[in-house]
Structure formats: structure tokens, C-alpha cells
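This report concerns only the one structure given below.
In what follows, residues are counted from 1 in the order of the sequence shown.
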Amino acid sequence: VEALRARGLTVSARKPVQSFEDGSELSDADVLAAATGEAPHVVCPEHRWYPMGLAPPMAAHALSAPPFTIRDLVCELVWPDALDIGVVEGAGGLRSPLAADGDNLDLLHALRPDVVVLVADAELGTINAVRLTIIGLQPYRPVVVLNRFDPGRELHRRNLEWLTAVDGLDVVTTPVAVADRLRPI
């Protein structure tokens, strides 16, 4: 988001729902808000903040909050009029529960984005995790980001090589490279 804004683009981010450990220093909405210049409660509506380290619908239930659906989350997404790129961040993995009736994949199908960015750890187990997620993402062909990539680590370099050469995926390792893959709407 910061790399896109540095290019002069208007970028907004939305996190439809978030759960977090109570007392956490910064929530995902706080981080996204800092990157976009928006207020945290614009990024994620205040009533969708669940201070409990569980999947959002589980946290809502444990906190005696009313259940919500994927449609509720989609309908609550509000974007500014002047916008070049809109970013929506899920929670957990592709099949992690996001609402009472669905997960991140259901949100993805409801939103039908132009680009899907899959953030994966660069460590051991990355190839398996990426491959399994890619199966679930059909027909989307995501940009894969190897998070915390260290070119000095052989494992990281080999994971990058495998995912690009063997699996033929579009894999990047820096925020600027992600920004290069995103185009204004």
C-alpha cells in the first residue's frame, strides 16, 4: 500500500472483520490505516473488531456478539469516490472462518477481485501451503508474496526457485514488486 501511494495512487484498504488478542499493541486495521492514511474504523468498522484471538465468527460468538454473514461483510464495505486501488485483507488462511456462513474463499467469490495476492511465509512448508491454497483459488491465478524473504537464506531462495520454475507461479519478495503487479481500477 505504501509503495502504491508513493507512486501517487489513491489507495484504500478494508479489513471487513478482525479478531485479535485483547491488549494487542496494533490491530491489522491500525496497520492498514497507517499505510493508507485512513482511520482504523474506516478500514474495519468498529462493530467488527473482536478482541479475542479466535477466528472472527468464533470470537463474536465467545463475546456474545450477534452472528454475521459474508453478505453482511460485503455490504459494509464502503469505498471513497476517488480511488485508484482498493485492497481487501482477509483473516487467517483461505479456508479460515470469516463469518457464520463462510470463509475467506467465500468472501473472494463475493468480491470477484481483479488481482488476488497470496501472502506466504518463506520458511519450511511454504511450497505445500502455497500449492494447497492455489488449488482452492481456482480460477484465480494469484501473485504469491514470500513474506520476510531473505535472499541470504538458502531455503528461501530454493522455495522461490521451486514455486517459479516448477510450479510456474508469479512470485515476488518485496512490497515494491507487489505494487508492480497491481494496476489502478
Side-chain angles (χ1 to χ4, degrees), residues 1-2 4-5 9-121 129-130 132-145 147 178 181-185:
V1 168
E2 290 168 345
L4 292 165
R5 289 185 71 206
L9 297 170
T10 303
V11 183
S12 286
R14 298 294 179 262
K15 181 137 181 111
V17 61
Q18 67 175 356
S19 54
F20 50 92
E21 287 295 329
D22 195 15
S24 297
E25 202 168 297
L26 290 174
S27 71
D28 289 349
D30 291 316
V31 173
L32 290 168
T36 63
E38 298 172 290
H41 289 125
V42 170
V43 171
C44 181
E46 187 171 9
H47 66 282
R48 296 291 179 222
W49 292 49
Y50 299 101
M52 184 170 275
L54 299 170
M58 296 166 65
H61 179 76
L63 294 167
S64 300
F68 53 91
T69 65
I70 292 293
R71 180 174 165 75
D72 293 333
L73 297 178
V74 170
C75 289
E76 292 172 357
L77 291 176
V78 178
W79 299 97
D81 291 333
L83 181 65
D84 294 314
I85 295 179
V87 175
V88 177
E89 180 183 315
L94 183 64
R95 299 312 310 257
S96 292
L98 200 59
D101 66 344
D103 53 27
N104 286 288
L105 182 58
D106 295 311
L107 178 67
L108 182 71
H109 290 317
L111 295 176
R112 301 172 48 96
D114 293 329
V115 178
V116 174
V117 176
L118 169 60
V119 179
D121 192 33
V130 168
L132 288 172
T133 303
I134 294 292
I135 291 168
L137 283 174
Q138 298 300 327
Y140 297 101
R141 190 84 172 144
V143 174
V144 178
V145 181
N147 201 17
V178 176
R181 300 306 195 277
L182 304 178
R183 301 195 191 323
I185 50 178

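- Residues that satisfy the side chain to side chain contact (heavy atoms under 4.5 Å, CB included) test with V31, not counting sequence neighbours, are L26.
- Taking OG1 of T36 as the start and CG of L4 as the end, the distance is 11.5 Å to the nearest 0.5 Å.
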Run the numbers on V11 and D84 for side-chain contact (heavy atoms from CB on, under 4.5 Å), then give the verdict. CA-CA 6 Å; V11 183; D84 294 314; 5.7 Å; no
Could you give me the CA-CA distance, side-chain angles and deciding distance for E25 and D30, then say whether side-chain contact (heavy atoms from CB on, under 4.5 Å) is met? CA-CA 9 Å; E25 202 168 297; D30 291 316; over 6 Å; no
Donor-acceptor pairs are to be reported for all side-chain atoms of residues 137-145 against protein atoms at under 3.5 Å, with residues two or more places apart or in another chain.
| from | atom 1 | to | atom 2 | distance (Å) |
| --- | --- | --- | --- | --- |
| Q138 | NE2 | I134 | O | 3.3 |
| R141 | NH2 | G168 | O | 2.9 |

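- Side-chain atoms of R14 never come within 3.5 Å of backbone atoms of G86 as a donor-acceptor pair (strictly under, hydrogens ignored).
- For the atom pair CZ of R48 and NZ of K15, the computed distance is 14.0 Å after rounding to the nearest 0.5 Å.
- Two residues are said to be in side-chain contact when any heavy atoms from C-beta on lie closer than 4.5 Å; V130 and L118 meet this criterion.
- Here the CG atom belonging to D28 is positioned 9.5 Å from the CH2 atom belonging to W49, to the nearest 0.5 angstrom.
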Sequence neighbours excluded and cut-off under 3.5 Å, please list the side-chain donor-acceptor pairs for residues 90-98, or say none.
| from | atom 1 | to | atom 2 | distance (Å) |
| --- | --- | --- | --- | --- |
| R95 | NE | D103 | OD2 | 2.5 |
| R95 | NH2 | D103 | OD2 | 2.9 |
| S96 | OG | G93 | N | 2.7 |
| S96 | OG | G93 | O | 3.4 |

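- Put simply, the side chain of V78 does not reach to within 4.5 Å of the side chain of P45, judged on heavy atoms.
- The two residues F20 and S27 have their closest heavy-atom pair at CD2-CB, 4.4 Å.
- Minimum interatomic distance between G37 and R5 (heavy atoms only, all atoms of both residues): N-NH1, 3.4 Å.
- The closest donor-acceptor contact from the side chain of E38 to the backbone of A13 lies under 3.5 Å.
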One pair to check against side-chain contact (heavy atoms from CB on, under 4.5 Å): E76 and F68. What are the steps and the verdict? CA-CA 11 Å; E76 292 172 357; F68 53 91; over 6 Å; no
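- Across P16 and L73, no two heavy atoms sit closer than the pair O-CD2, 3.6 Å.
- More than 12 heavy atoms of other residues, nucleotides or ligands lie within 6.0 Å of CZ in R181, so this atom counts as buried by the packing criterion.
- Looking at S19, its side chain never comes within 3.5 Å of a backbone N or O of Y50 through a donor-acceptor pair.
- Although no hydrogens or angles enter the test, the distance criterion places a donor-acceptor pair under 3.5 Å between the side chain of Q18 and the main chain of A29.
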Derivation and outcome, side-chain contact (heavy atoms from CB on, under 4.5 Å), residues L111 and L77: CA-CA 10 Å; L111 295 176; L77 291 176; 3.6 Å; yes
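- Taking all atoms of both residues into account, the shortest heavy-atom contact from C44 to V17 is SG-CA, 3.9 Å.
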